[in-house]
Amino acid sequence: MKAAVVREVNDGYVDLIDDWQPRALGFGDALVDVEYVGLCHTDLHCANGDFGNPNEIGERNGQFRRVIGHEGVGRVSKLGEGAGDYLKIGDRVSIAWFYDACGVCDYCVSGNETFCRKVRNSGYTIDGAMSQQVVVNSKYAVKVPEGLDPVEATSITCAGVTMYKSLKVGETKPGEWVSVHGAGGLGNLAVQYAHNVFGAHVAVIDGNDDKLAAAKANGAEVLVNRKTEDVVAKVNELTGGVHNAQVTAVNDAAFSQAVNVLRPMGKLVAVALPQGDMALNIAKTVLDGIEVRGSLVGTRADLKEAFQFGAEGKVKPIVETVDFKDMNDVIDEMKAGNITGRKVFDFTAL
């Protein structure tokens, strides 16, 4: 069967192969026939080896063959022993970045399971969704509501739940101002969850006019083109300073701008993962009581909630289905920052 796997020499691209076979089902595992998979910027990090050398943890028969992908949905086609306690044949489920965890550590039992030190992540430490069939842990594969379009569900599986969780981490409240730095796949969903679910006002910063227009259509009230306008001056003038800043742009400048548009006691929530260090204005951070928080995807409970808001029509991801064979071209588009929303690979057409 077809699959997209990280190249042995990590160069940011994938090999498209025809002879992939998923691993055998273990206790509690289920086999999923994949329908749709979105491409996330984290997939590019994995393919490029940005999170460390994946060859140390992704070898099969001495050769690295990790399947990428963690914005997947599909139907359960086979159950391993014990999996029937959680899933049944025909269930549509997610294949998310948060694959599973130990279930017993302090993080797992306190509702913070994504921080488990034994966590496994789809497309990085275990084979991901970008193949015609994939194995999931039945206890961790969240069911997709039947009322939610499966193509749109792919974006919520990662980008949607990531931003829903990060807005929780920022303690977003109705009537407050939220700034979203970067209006791509993550940022556009941040606008929708902030405006439609949390009832907040939204300012969006991006360098692409098409992305800004999409953000406006989804409820953003303040739009700033970072290439032609003074981001800090304009956001502060029109909002009085934001209560929390959501950084989804993969560049260092977005983090320093985010700090400087926060009002006193504001919260910067770091979501994007550019390489390097974050520079903070020390005086502002100290004198204004600024908080800096990291937010990492979401738990199973977060994903269930994020899906439900999608099923209710409060969140509608911008998606476009594309051919599996065009994956490396889509990777180039993402690297160039030319994608508004998400490109989703259609496995039903294979």
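Just so you know, these numbers use all the heavy atoms, side chains as well, and skip hydrogens, waters and symmetry mates.
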Taking all heavy atoms of [X] and all of [Y], pick out the closest pair and write down the distance.
X    : Y    : result
A245 : H181 : CB-NE2, 3.9 Å
I68  : L39  : CD1-CD1, 4.2 Å
T125 : R66  : O-NH2, 3.2 Å
V5   : I17  : CG1-CD1, 4.1 Å
C105 : C102 : N-SG, 3.3 Å

Output field: ring centroids W177/H243 closer than 6.0 Å: no

Measure from the ring center of F345 to the ring center of F324 and say whether it is less than 6.0 Å. no

Could you go through T299 and N112, starting from their C-alpha distance and side-chain angles, then the distance that decides it, and tell me whether this counts as side-chain hydrogen bond (donor to acceptor under 3.5 Å, both in side chains)? CA-CA 7 Å; T299 65; N112 298 293; over 6 Å; no

How far apart are the C-alpha atoms of R7 and D11, what are their side-chain angles, what is the distance that settles it, and do they pass the salt bridge (charged side-chain N to carboxylate O under 4.0 Å, His left out) test? CA-CA 7 Å; R7 293 175 175 172; D11 65 356; 2.8 Å; yes

Enclosure of [X] [atom1] (heavy-atom neighbours >12, cutoff 6.0 Å):
X    : atom1 : answer
K304 : NZ    : no
K335 : NZ    : yes
Y107 : OH    : no
D85  : CG    : yes
L287 : CG    : yes
K284 : NZ    : yes

What verdict does the side-chain contact (heavy atoms from CB on, under 4.5 Å) test give for V73 and I95, after you've listed the backbone C-alpha separation in whole Å, the side-chain angles of each residue and the deciding distance to 0.1 Å? CA-CA 6 Å; V73 299; I95 305 107; 5.6 Å; no

How far does [atom1] of [X] sit from [atom2] of [Y], to the nearest 0.5 angstrom?
X    : Y    : atom1 : atom2 : result
D252 : Q257 : CG    : CD    : 11.0 Å
N281 : L262 : CG    : CG    : 11.0 Å
I126 : D100 : CD1   : CG    : 6.5 Å
D332 : M327 : CG    : CE    : 13.0 Å
L31  : S77  : CG    : OG    : 4.0 Å
Y86  : K139 : OH    : NZ    : 5.0 Å

Does E171 form a side-chain contact (heavy atoms from CB on, under 4.5 Å) with N244? I'd like the steps, not just the answer. CA-CA 8 Å; E171 299 181 18; N244 75 76; over 6 Å; no

Below 4.0 angstrom, N of the basic side chain to O of the carboxylate: do [X] and [Y] qualify?
X    : Y    : result
R226 : D206 : no
E113 : K118 : no
E221 : K216 : no
D33  : R75  : no
K343 : D326 : no

Determine, stepwise, if the pair N188 / N218 fulfils side-chain hydrogen bond (donor to acceptor under 3.5 Å, both in side chains). CA-CA 8 Å; N188 190 273; N218 283 314; 3.1 Å; yes

Checking R300 against Y140: charged group under 6.0 Å from the ring centre and within 45 degrees of the axis? yes

Return yes if a side-chain donor-acceptor contact under 3.5 Å exists between D209 and N225, otherwise no. yes

Between D127 and P22 (side chain of the first, backbone of the second, donor and acceptor by atom type, cut-off under 3.5 Å), is there such a pair?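 Not confirmed, D127 side chain does not pair with P22 backbone.
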
Please step through side-chain contact (heavy atoms from CB on, under 4.5 Å) for the pair E320 and V322, ending with a clear verdict. CA-CA 6 Å; E320 177 189 350; V322 290; 4.3 Å; yes

Parallel, tilted or perpendicular, judged at 30° and 60°: which one describes the rings of W97 and H70? perpendicular

Starting from L268, can I reach V191 by hopping between I/L/V/M/F/W/Y residues whose side chains sit under 4.5 Å apart?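 No, because V191 and L268 fall into different hydrophobic clusters, even though each may have its own neighbours under 4.5 Å.
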
Taking the side chain as every heavy atom from C-beta outward, state whether V93 and V142 have any pair of such atoms under 4.5 Å apart.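 Sidechains of V142 and V93: no contact.
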
Audit row: C40, R342, side-chain contact (heavy atoms from CB on, under 4.5 Å) steps and yes/no: CA-CA 8 Å; C40 173; R342 276 287 193 261; 3.6 Å; yes

Result block: side-chain N/O donor-acceptor pairs under 3.5 angstrom for residues 309-319, not counting sequence neighbours:
from	atom 1	to	atom 2	distance (Å)
E312	OE2	Q308	NE2	3.3
K316	NZ	E152	OE2	2.5

Check against side-chain hydrogen bond (donor to acceptor under 3.5 Å, both in side chains), Q246 and S166: CA-CA 7 Å; Q246 303 284 326; S166 68; 2.7 Å; yes

